[in-house]
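Report on the following structure.
Order of the sequence lines fixes the chain letters, A, B, ..., with proteins taken first and strands second; residue numbering starts at 1 for each chain. Given the structure is predicted, the values throughout are model-derived calculations rather than measurements.
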Amino acid sequence: MIAIRNVTMKFHTKQGTVQALQGIDLQVERGEIFVLLGRSGSGKTTLLRCLAGLEKPDTGQISLAGKVVFSDCERIFVPPQERELGMVFQSYAIWPHLTVFENVALPLTQAKRKLSKQVVQDRVREALQLVQLEGLEKRPAPLLSGGQQQRVALARALAIKPQALLMDEPLSNLDARLREDVRSELRELVKKIGVTVLYVTHDQVEAMALADRTAMMDHGVILQVGHPQELYHQPVNVTVAEFFGSVNWLEGRITEAGVIKTEIGTLHADSASSVGSQVVIAIRPEDIQLSASPSGNANEFEGEIVSTTFLGDYSLYQVQTRTSKRILKKAMGSPIAPGKAYFQISKDRIRVFYNRELSSLSRKA
Amino acid sequence: MRRAVLRRLVIGPLLDRRTVLVGISLIPVAALTVLVSVIVWISFRQLAGAAAGYSLDAYRELYLDPFTYKALLNTAVFSLITVAVALLFGIPAAWLVERTDLRPKEIPQTLMVLGLLIPSFLTGMGWVFLLNPRIGIINTLITGIPGMEWARINVATAPGMGIIQGLGLANVAFIMVSPTFRAMNPVFEEAAEVHGLRFFQTLHKVTLPLAYPGVLAAAIYIFMIGVAAFDIPAVIGLSNRVFTFSTFLYIQVQPLDGLPRHDLAGASAVLMICISLLFLCWYYRALKSSHRYAVVTGQSYRPRQVELGRWKPWAWAFLGGYFLLGQLLPLSMLVWNALLPYPQVPSLSALGHVSLNNFRALPIHQLLIGAQNTFILAVSVPTLTLLFSLGLSWVVVRSGFRSRFFFDVFSFLPHAVPHIIFAVSAAYVSIFLLSGFLPIYGTIYLLMAVYTLVWLSFATRNLNSALIQIHKELEEAAAVSGIPLLRILRKILLPLLGPALLNTWLWVALLTYRELTVASILATTRNITLPAAMWGIWLSGLYPKAAAAALLVVAVMVPLVFLYWYVGRRATAMERTL
């Protein structure tokens, strides 16, 4: 449905040239919800805007539904007007001088589509029904709440029956609770219509909740593409691991196959194979078992709980090891008393990264 | 085959539509380039008999003449006094209105805005009737006291004219500084007070330093207006042979005796352009730093109001005193003298001489032509200005073209260069270069073109700031939903810009209506405007008659001003709902 091949783009600013996109390759299937995930400045919004035709890449090729809409070598650039896309903007971009009805109807009446008045009426009503805004047709746009504006933006994008729906952080301006509700509604809705969605966000929770597949971007490069679970459990590098949830980082060296010497002691890990390498190890807090008494299993360490943070559905512990490294642990259920404790890490949950990524980690720290 | 069609469909229309807007913007850019280049060109060109030669003679003559330095010194003194007086009244007034519990604020606010619309030649004339060394009423009163002849006040000096110009520009200072006070976060002042600073210490150490960049920007801006000012130096100074730069240039091309010296005018214009550009750079640097901490937060807050308490009557007295000096006194003098055969001190016996004779004696035929021309200009000029500045604004703010900086610079050129220079250049171009195939000199079209150019900066600035406030995504949403560029302009941008467009149109209409600088150079019997007709009468020394003509100008202007006031209020109300 959407095919992006080797797209690059530079921005020229006063501070110098910024390489916003460095050779992006991406394929989005029909009917798929595809989430572009990354920090601000990672290039995700730029990529989305390139697809919409609001930015013009320097090189590469973009095609939509089999039609080339941008190609530098063939000198093709289809303007946004001709790309038949729906887009929901971060600011919603609801035209403030128009009513709800007029906002949804304007693309139907002013663009090249020749639609009869009746069809326009029907399409607008249908779209407003989809987003549950029936009855608000006559309301002026400035009198809408944030959530309502977001729905109008969605209705406007869907009313034109777009080839694909582009969404640029559409939930970031809503408050936390509303965001959760809208998230699940949104997935239900677009799945019902069957429209292809390309969705940009910096929130990994949103990505996990919405995406069929997701791509993690950083510094204009796609680091990893896959199902959100894949990115969570099998991150290809430190940046991806770090971005998806919190991580305990350890530095160490593989002394023999499956054995890593770290600052907290010797760890056994299935994935440690390259003997002699300096490595970085990632352990998710929920992959750590914490108990008051030792179990005698492998990968068990002694430590002391220095603080407990109760967060409702789970608690967060800070455990100090002998070598004064702090380890975070998440646990559900009844809290464990402060004091001496034992924590154990399962062998198959340890992710090992080789040292070329070390620098980015230490930079963060 | 398919690809070729695609390319034509795809790249073609996009470029075409943008070309329309760029093309529109290129017209004024080209015209400005021509006018400025011609000024530079004529400064080197000597006309000796039939043959023309090029030399630096004009510059040599200009820089060796002590008269030049006297005019420059006059301009500097005049402009500095103008700034001082404008700030002296404008800043306290802005502070009183924005940051104190003075009520109702609408009265001083409205009067300040309306005061902007009063042509400065009117107040200038009023002050001549008050303070002219020979006929001024106050001088007549003073010299009437035995032994007081030495106390005679001469307004026809650089400082004297500066005070009067400054009174007129206090409104500009007020309007420019008000937003600085309005946007100031009260947190800074509260922090100062919590930490033990007293009211005047806070004002001195926190409030004013925070306002300083905004005030500096206003000061430079007013200084530049002062340097370019024509009305007051012409009305007051010309007959007394006190010249500032604008009038200096004026007598070079419209000498009372002898031939026009275009080479000298060109050389002085080049000097003036250089000075103005220096100040423009300074102005932009000041403006940049004023943005640095004028508005600090996105959080909504209300500036705290200082309670005036027993100082309130003094505050009203200050504002009242300003309006009395700045407007009421000179304007009432104008009315009084328009009704008298010769200037007299108001008294019962003088009341006996009051009549409408001055009005009856006016050259009605000429004034009617002037009224007709002025009316045509006041409708066509704002329309044209808006058309060009809309194109320029879009290219500068929205197009994303890398060359937009170039358009930006040109759109500010008419602001940096004194208007009289454009008029001189346009006169030269139309008389010596175009007359063969485009006999535009002496027609209303010449005035139309020059007026449009000189107000381009003003209109573009207004539209730029309005356009920047319209979120870019509003247009992008339309583009993605398939709406073509020109329809986006019509359906999205124009309605959203509506209030700003209307406001700018009315402003330019009013500026056109009262414009005297360009008209004084370019108006002839055929394309005379109302202010130019009045200027002609004034120049021939018939002061009471000129006052009568000036009153006619105002009388026609009053409905326009009210229209502005009415629509302007509605427009701001509209902006608030958006």
Which atom pair, heavy atoms only, marks the closest approach of [X] to [Y]?
X: B:S481; Y: A:I160; answer: CA-CD1, 4.3 Å
X: A:A93; Y: B:A477; answer: CB-CB, 3.8 Å
X: A:P96; Y: B:L496; answer: CG-CD2, 3.4 Å

With sequence neighbours left out, write down each residue that passes side chain to side chain contact (heavy atoms under 4.5 Å, CB included) with A:A211, or none if nothing qualifies.
-> A:V35, A:T214, A:P228

Salt bridge (Lys or Arg N to Asp or Glu O under 4.0 Å) filter on B:E476, not counting sequence neighbours, yields A:R49

Check whether more than 12 heavy atoms from other residues, nucleotides or ligands sit under 6.0 Å from atom CZ of A:R5, and answer yes or no.
-> no

Mark yes when over 12 heavy atoms from residues, nucleotides or ligands other than B:K105 sit less than 6.0 Å from its NZ; otherwise mark no.
-> yes

Student check: side-chain heavy atoms of [X] and [Y] closer than 4.5 Å:
X: A:Q81; Y: B:I488; value: yes
X: B:V480; Y: A:P162; value: no
X: B:I492; Y: A:L106; value: yes

Working to the nearest 0.5 Å, report the span between [atom1] of [X] and [atom2] of [Y].
X: A:W95; Y: B:E473; atom1: CH2; atom2: CD; result: 12.5 Å
X: B:L474; Y: A:L98; atom1: CG; atom2: CG; result: 10.0 Å
X: A:Y92; Y: B:H471; atom1: OH; atom2: NE2; result: 11.5 Å

Please determine which of A:E102, A:Q110, A:H97 meets the side chain to side chain contact (heavy atoms under 4.5 Å, CB included) test together with B:K491.
-> A:Q110

Select one option (side chain, backbone, both, neither) describing which atoms of A:L85 are under 4.5 Å from chain B's heavy atoms.
-> both

